[in-house]
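We're numbering straight along the sequence, starting at 1. All values derive from a computational prediction rather than experimental measurement.
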Amino acid sequence: MVAGEHSLDMPDVTVSVRDVFGIDSDMQVPAFSERSDHVPEADPTYRFDRDTTLAILAGFAFNRRVMIQGYHGTGKSTHVEQVASRLNWPCIRVNLDSHVSRIDLIGKDAIVLREGQQVTEFREGILPWALQRPCAMVFDEYDAGRPDVMFVIQRVLEVEGKLTLLDQNKVIRPHKAFRLFATANTIGLGDTTGLYHGTQQINQGQMDRWNIVTTLNYLEHDAEVDIVARKRPEFNSEAGRKTLSAMVQVADLTRAGFIAGDISTVMSPRSVITWAENSTIFGGDLSYAFRVSFLNKCDETERPIVAEYYQRCMGTELPESALRAVMP
């Protein structure tokens with residue numbers, strides 16, 4: 001057994017969705033009683049979205065293939081990880097950017113030393129490795145995957161989907177505790193909005209193999225304020241929460257601007273938490289903390305728009321504001 005893997009081959013306990021996730025459901029989900037190195041760290045302050053959580057839990061409990069769609073920054077992958085952490089289920093994330101190839105997934109021949117002699121042996125990729133273990137695999141940016149990669153994944157989308165390694169004359173059968181998830185910005189129809197360059201249409205035969213597709217949107221305003229206040233207790237006062245509410249309003253405006261196509265960078269809940277952390281580091285200077293936490297990541301031509309969002313919510317002008325830019 002590889003170091004850090006489960007000594008348990010299958011889940012050995014069940015957990016109550018109501019007790020563990022705070023969702024009004026009688027569902028019982030299998031889980032592991034032991035943690036391993038590949039189990040994500042649990043965030044005790046994490047807030048679970050009901051619909052998304054139930055979809056992910058169905059994936060774990062009933063071996064459903066689950067895709068989570070939504071704008072970036074909504075926490076799609078984190079949601080899978082946080083569910084897995086409560087189940088002690090190992091979880092591996094693979095980002096399907098344009099550099100991930102078929103060879104990366106399947107494996108390749110490599111030259112190694114054996115008793116002082118150079119020999120060629122097959123080194124399996126991440127897909128056959130995960131497929132043979134009690135493991136949840138998450139394909140991030142699923143709609144950005146290359147066509148050759150997507151056809152490899154299509155082979156294992158069936159619940160009994162076996163992976164054939166042609167070079168090895170070998171057929172790999174999936175482990176009974178292997179689970180498969182994906183996150184995507186679009187729903188397989190390509191980029192119809194102009195917001196996600198590089199995304200592609202997904203073969204509809206492949207989309208049909210995803211048993212459950214759920215959508216995760218941005219948090220409600222008050223819920224996000226609660227999360228940041230839990231993460232940053234120094235803001236958990238009446239005055240502090242009022243400040244946090246204004247900060248989240250800035251984030252809400254960036255999301256509306258992003259959806260409208262006015263700006264190309266969006267503030268996620270993580271961005272707001274980082275802003276709050278940095279404001280504490282810089283002695284409560286919210287304006288400077290905002291600039292180094294988010295504004296400096298934006299395109300220069302878009303910074304006046306973001307600075308306007310800031311001024312509307314926080315009541316303070318930033319050097320990058322359009323008003324200051326036109327003043328002599």
Side-chain angles (χ1 to χ4, degrees), residues 21-24 41-53 70-79 82 215-300 302-327:
F21 298 96
I23 294 174
D24 187 16
E41 289 295 322
D43 179 355
T45 66
Y46 192 79
R47 179 187 172 95
F48 289 96
D49 174 77
R50 180 187 182 278
D51 292 351
T52 304
T53 303
Y71 292 110
H72 74 277
T74 53
K76 300 181 293 293
S77 304
T78 306
H79 222 97
Q82 288 305 308
T215 300
L216 182 61
N217 293 314
Y218 292 115
L219 291 166
E220 294 178 359
H221 180 91
D222 291 343
E224 189 165 348
V225 171
D226 287 340
I227 288 172
V228 183
R230 270 185 259 162
K231 287 278 191 182
R232 306 306 307 173
E234 66 268 26
F235 285 89
N236 201 7
S237 64
E238 185 177 348
R241 291 178 77 88
K242 186 176 180 181
T243 300
L244 285 183
S245 181
M247 294 166 69
V248 173
Q249 282 179 356
V250 178
D252 288 339
L253 286 177
T254 68
R255 294 160 193 168
F258 173 78
I259 292 170
D262 297 332
I263 59 174
S264 56
T265 310
V266 67
M267 286 188 78
S268 67
R270 186 184 296 113
S271 303
V272 181
I273 293 168
T274 300
W275 179 12
E277 289 172 345
N278 287 340
S279 72
T280 301
I281 291 172
F282 296 119
D285 190 339
L286 289 167
S287 297
Y288 180 71
F290 177 74
R291 292 169 65 200
V292 298
S293 304
F294 180 73
L295 188 62
N296 290 346
K297 298 177 184 177
C298 300
D299 187 289
E300 283 190 31
E302 297 173 357
R303 290 179 191 175
I305 300 174
V306 178
E308 181 188 340
Y309 296 157
Y310 183 93
Q311 192 279 328
R312 285 162 60 182
C313 300
M314 308 299 292
T316 305
E317 289 279 357
L318 295 176
E320 292 83 357
S321 73
L323 181 63
R324 292 196 177 192
V326 298
M327 290 178 67

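Side-chain atoms of S271 and S268 form a donor-acceptor pair, as typed in the model, at a separation below 3.5 Å. Defined by atom type and a distance below 3.5 Å, a donor-acceptor pair is present between the side-chain atoms of S264 and E302.
Shortest non-hydrogen contact noted between E224 and A251 is OE2-CB, 4.5 Å. Residues N278 and S293 come closest through the heavy atom pair ND2-OG, 2.8 Å. Scanning both residues, T265 and F294, for their nearest heavy atoms gives CG2-CE1, 3.7 Å. I263 approaches T254 most closely through the heavy-atom pair CD1-O, 3.5 Å. The two residues L295 and L318 come nearest to each other via the heavy atoms CD2-CD1, 4.0 Å. When all heavy atoms of C298 and V306 are compared, the closest pair comes out as SG-CG2, 4.0 Å.
The line from CZ of R47 to CD of E220 is 7.0 Å long, rounded to the nearest 0.5 Å. Interatomic distance, CG of L244 versus CD1 of I273, reported as 10.0 Å (0.5 Å rounding). Note that OG1 of T74 and CZ of R255 are 9.5 Å apart. Values are rounded to the nearest 0.5 Å.
Side-chain atoms of S245 do not come within 3.5 Å of backbone N or O of K242 as any donor-acceptor pair. The closest donor-acceptor contact from the side chain of T52 to the backbone of F48 lies at 3.5 Å or more, if one exists at all. The backbone N or O of L216 lies less than 3.5 Å from no partner atom in the side chain of K76, so there is not a single donor-acceptor pair. A distance-only check finds a donor-acceptor pair linking the side chain of W275 to the backbone of L286 [under 3.5 Å].
Considering only heavy atoms from C-beta on, P269 comes within 4.5 Å of L219 through its side chain. Using a 4.5 Å heavy-atom cutoff, the side chains of V266 and Y218 are in contact. Using a 4.5 Å cut-off on side-chain heavy atoms (C-beta onward), R291 and E320 make contact.
Residues meeting the side-chain contact (heavy atoms from CB on, under 4.5 Å) test with E234, sequence neighbours left out: R232, T280. R50 meets the salt bridge (Lys or Arg N to Asp or Glu O under 4.0 Å) test with no other residue; sequence neighbours excluded. Partners of D49 by salt bridge (Lys or Arg N to Asp or Glu O under 4.0 Å), not counting sequence neighbours: none found. Every residue meeting the side-chain contact (heavy atoms from CB on, under 4.5 Å) condition with D43, not counting sequence neighbours, appears here in chain and number order: T45, Y46, Q82, K231. Not counting sequence neighbours, Y309 has no partner by the ring-ring contact (aromatic ring centres under 6.0 Å, His included) test. Checked against side-chain contact (heavy atoms from CB on, under 4.5 Å), C313 has the following partners two or more places apart in sequence or in another chain: Q249, V250, L253.
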What do the steps show when you test V228 against F235 for side chain to side chain contact (heavy atoms under 4.5 Å, CB included), and what is the final call?
CA-CA 8 Å; V228 183; F235 285 89; 5.9 Å; no

Walk me through it: do V248 and V272 pass the test side chain to side chain contact (heavy atoms under 4.5 Å, CB included)?
CA-CA 7 Å; V248 173; V272 181; 4.2 Å; yes

Evaluate Y288 against S279 for side chain to side chain donor-acceptor pair (under 3.5 Å), listing each step before the verdict.
CA-CA 8 Å; Y288 180 71; S279 72; over 6 Å; no

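When each of M247, M267, M314 is tested with F290 by the rule side-chain contact (heavy atoms from CB on, under 4.5 Å), just one qualifies, namely M267.
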